[in-house]
Amino acid sequence: MSAIDNKLIDRLRKAKKVAVLTGAGISAESGVPTFRGNDGLWKKFRAEELATVDAFMDNPALVWEWYLFRRDLMSKVEPNPGHYALVELENLFNDFTLITQNVDGLHRRAGSKNILELHGNITLNKCFDCGKAFEGTVDISLGELPKCACGGKIRPDVVWFGELLPAAAINKAFEASQEAEVFLSIGTSAIVHPAASLPVEAKRHGACLVEINLDPTPLTALADYAYQGKSGEILPQIVERLKS
Ligand code: OAD
């Protein structure tokens, strides 16, 4: 694993505004499968085949089966050292924005505060038609899926491919990215837009761009510092160096 560059530590020490984008990779060490890794398929389906309005219209029970499987898995896992290192990092800066594509809620459980959840939250449900929050439980074994008072089908409150991201969250994410002096892209394949545009936007506005990922991504060539390895190992090293 690469040692953390002194120049990056200096840059972070001088920075007032820091933004971070996380993807499924940060939760991999907690036991949550990534989307595009070897364990990314559920049954024989890719995320792009299930996380869509069309898939839900065609077969809501199948889509729900996938979400309930993931919801159950995510309820049993714990934040890992990568999540906790980001909590410590937040405490070192006055202006720190954590933008996540993850729906697992692990950043919040770890203790991060200023979080923008771009793709929603897997624990929440809403009406497919009117968007109203639905508090009840969803049990597909009952045969019939729950419906809203308006008659619409209940769906998970997450963003699907082809849907717009929550406007307030994505607007704030772009703003934080444009203002950041240092931007860290962590555990994301950096191919799903608009989230994948955020690091590019940060760099275009002068941020020092840092990538932490097991593998190279389309962002690696653009990064000022690219660390190849586990976020649960590299992030705590950065925090230790900053605190020493
Ligand atoms: P991906 O599964 O596309 O990418 C995960 C990235 O994390 C890969 O580049 C891995 O190499 C890396 N990785 C795996 N383990 C790691 C570790 N321990 N430390 C650091 N890096 C690690 O996941 P996302 O980029 O989050 O959207 O995917 C983006 C979006 O596509 C998701 O939010 C989801 C998905 O389909 C929707 O459902 C709308």
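Since we're looking at a predicted model, the values are computed, not measured. In listed order, ligands and their atoms are each counted from 1.
Side-chain contact annotation: Arg11 with Asn6, donor-acceptor N/O pair under 3.5 Å absent.
Residue pairs meeting the ring pair (Phe, Tyr, Trp, His ring centres under 6.0 Å) criterion with at least one member in residues 98-149, sequence neighbours excluded: Phe56-Phe128, His83-His107.
When heavy-atom distances to ligand 1 are checked against 4.0 Å, the residues falling inside are Gly23, Ala24, Gly25, Ala28, Glu29, Thr34, Phe35, Arg36, Ala47, Gln101, His119, Val159, Phe161, Gly187, Thr188, Ser189, Val192, Asn213, Leu214, Asp215, Gly229, Lys230, Ser231, ordered by chain and number.
With respect to Glu65 and Lys43, a salt bridge is recorded, a charged nitrogen being found less than 4.0 Å from a carboxylate O. Contact check on Lys14 versus Asp10 returns no salt bridge, with no Lys/Arg side-chain nitrogen under 4.0 Å from an Asp/Glu carboxylate oxygen.
Annotation for Tyr84: hydrophobic cluster partners, listed by chain and number, are none (ILVMFWY side-chain heavy atoms under 4.5 Å, direct or chained).
Here Ala180 pairs with Ala19 under the side chain to side chain contact (heavy atoms under 4.5 Å, CB included) rule; sequence neighbours left out.
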